[in-house]
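Quick caveat: nothing in here was measured; it's all calculated off a predicted structure. Chain naming here is simple, since letters A, B, ... match the order of the sequence lines and numbering starts at 1 in each.
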Number of protein chains: 2
Amino acid sequence: MRIGELAARAGTTPRTLRYYESRGLLPARRAGNGYRTYDESDLKLLRQIRTLQDFGFDLEETRPFVECLRAGHPEGDSCPASLAVYRRKLEELDALIGELRAVRAKVGRQLARAERARDELAADARVPGGPEPVCELGGELR
Amino acid sequence: MRIGELAARAGTTPRTLRYYESRGLLPARRAGNGYRTYDESDLKLLRQIRTLQDFGFDLEETRPFVECLRAGHPEGDSCPASLAVYRRKLEELDALIGELRAVRAKVGRQLARAERARDELAADARVPGGPEPVCELGGELR
DNA sequence: GTAAGCCTTGACGTCGGCGTCAGGGAAAGG
DNA sequence: CCTTTCCCTGACGCCGACGTCAAGGCTTAC
């Protein structure tokens, strides 16, 4: 199988496969004419890489999985190094999710505070001595 | 106040301020010798930018806040355009957090499955006919 | 006077994971 | 034979928010 076919079967592009090869992740045999040649086991490696990439793993983090498969194991995560990557990734995800939730909370509070301030200004404007000048900037939305 | 002092007071670098200026976000007056000159209001603008950056806002997303302050409002989020950015950011955060939690769940399941497979292999090895060959790759950890 | 420490502009480097183009050879079908 | 479609290598582009270096000018302290 040549590079175009493998790429298509994995839902990616030849450029991507050449890139992986340049990183030493997915080396290819060569046909007499210099064309890269792949087999079904390469497809399996590639799918492993792509799955992890979809999870947000760096290329380097997929390396233990690929090496594990190439060592003859049925699954890329049959090796301790792969499990270690899983665990590290879980920690990273938990930390990141935690940070994002903290930011979400802060932004939510800022929004609430700003809306409250705006509404209080509007209320003041309706009551005392006629409307006060309001922000004239932007805000096509709503 | 010159660029170095402003940068220090905002906990950033002169390079960053020049970058903001190049993006039209924080223009500077110039002294006779060509040096950039800033005042306290610039510090306020800069702190607004930095706060939002810390929240993960793109530089472009901070623009409405900066313009709002420059228009004379007491807070950067006193303008509708700023509130719209807050709301968009909340949606983005919710979406991102949701995706990350989904990934976290998937990775967690993969890890659990892989560990189960490993333990079953170990159990098999202890019982039937002597230890089977085990993965020899990686895994310094533990 | 001279060294240190600020400032200026301009331009290139960084990081990851490729996309895209240029300038060729090879293979397959009519 | 010709065209199309694949393949090759090499190299530059991209994105965002700066870092870093070069080469020079201003100021200030000694």
Roughly, in whole Å, what's the span from CZ in B:Arg29 to C1' in C:dC7? 17 Å
Provide, to the nearest angstrom, the distance between the CG atom belonging to A:Leu6 and the P atom belonging to D:dC6. 15 Å
Check the distance between C:dC7's P and B:Glu21's CD and give it to me in whole angstrom. 14 Å
Who passes side-chain hydrogen bond (donor to acceptor under 3.5 Å, both in side chains) against B:Arg113, sequence neighbours left out? A:Asp77, B:Gln110
Salt-bridge contact B:Glu115-A:Arg87 (side-chain N to carboxylate O under 4.0 Å): yes
Pairs: protein N or O with nucleotides 18-24 of chain C N or O, under 3.5 Å:
from	atom 1	to	atom 2	distance (Å)
C:dC18	OP1	A:Arg50	NH2	3.2
C:dC18	OP2	A:Tyr20	OH	3.0
C:dC18	OP2	A:Arg50	NH2	3.2
C:dC18	OP2	A:Gln53	NE2	2.6
C:dG19	OP2	A:Thr13	OG1	2.9
C:dG19	N7	A:Arg15	NE	3.2
C:dG19	O6	A:Arg15	NH2	3.1
C:dT20	O4	A:Arg15	NE	3.0

Short N/O separations, protein against nucleotides 27-30 of chain D, under 3.5 angstrom:
none

Given atom CZ of A:Arg63 and atom C1' of C:dG17, what is their separation to the nearest angstrom? 14 Å
How close or far is atom P of C:dC7 from atom CD of B:Glu5, stated in whole angstroms? 9 Å
Look only at the side chain of B:Lys106 and the backbone of B:Arg101, and say whether a donor-acceptor pair between them is shorter than 3.5 Å. no
note: A:Arg18, atom CZ; D:dT9, atom P; distance rounded to Å ~ 7 Å
Pairing residues for A:Asp39 by the side-chain hydrogen bond (donor to acceptor under 3.5 Å, both in side chains) criterion, not counting sequence neighbours: A:Ser41
Expected rows: protein N/O vs nucleotides 3-5 of chain D N/O, under 3.5 Å:
none

Atom-pair distance (CE on A:Met1; C1' on D:dC6), nearest Å: 16 Å
Between B:Asp58 and A:Gly34, whichever has its closest DNA chain D nucleotide further toward 5' is A:Gly34
Using only atom types and a distance under 3.5 Å, with no angle test, would you say the side chain of B:Glu61 pairs donor to acceptor with the backbone of B:Asp58? yes
State yes or no: are the ring centers of B:Phe65 and B:Tyr86 separated by less than 6.0 Å? yes
To the nearest angstrom, how far is B:Arg30 atom CZ from C:dC6 atom C1'? 15 Å
List the atom of B:Pro64, the atom of B:Glu60, and the distance in Å for their closest heavy-atom pair. CD-O, 3.6 Å
In this structure, are over 12 heavy atoms from other groups packed under 6.0 Å from B:Arg70 atom CZ? yes
NZ/NE/NH1/NH2 to OD/OE distance under 4.0 Å, A:Glu40 and A:Arg9: yes
May I ask you to check whether A:Tyr20 and A:Arg50 show a side-chain donor-acceptor distance below 3.5 Å? yes
Regarding A:Arg47 and A:Glu75, does a basic nitrogen lie under 4.0 Å from an acidic carboxylate oxygen? no
Categorize B:Arg36 for me: base, sugar-phosphate, or nothing, with a 4.0 angstrom heavy-atom threshold over every strand shown. sugar-phosphate
With five pairs defining each end axis, the helix from C:dG1-D:dC30 to C:dG30-D:dC1 comes out bent, to 10°, by 30°
Do NZ/NE/NH1/NH2 and the carboxylate oxygens of A:Arg29 and A:Asp42 come within less than 4.0 Å? yes
Can a salt bridge be assigned to the pair B:Lys89 and B:Glu92 using a cut-off of 4.0 Å between side-chain N and carboxylate O? yes
Base, sugar-phosphate, or nothing for A:Arg23, non-hydrogen atoms under 4.0 angstrom? nothing
Between the main-chain N or O of B:Pro80 and the side-chain N or O of A:Arg118, is there a donor-acceptor pair closer than 3.5 Å? no
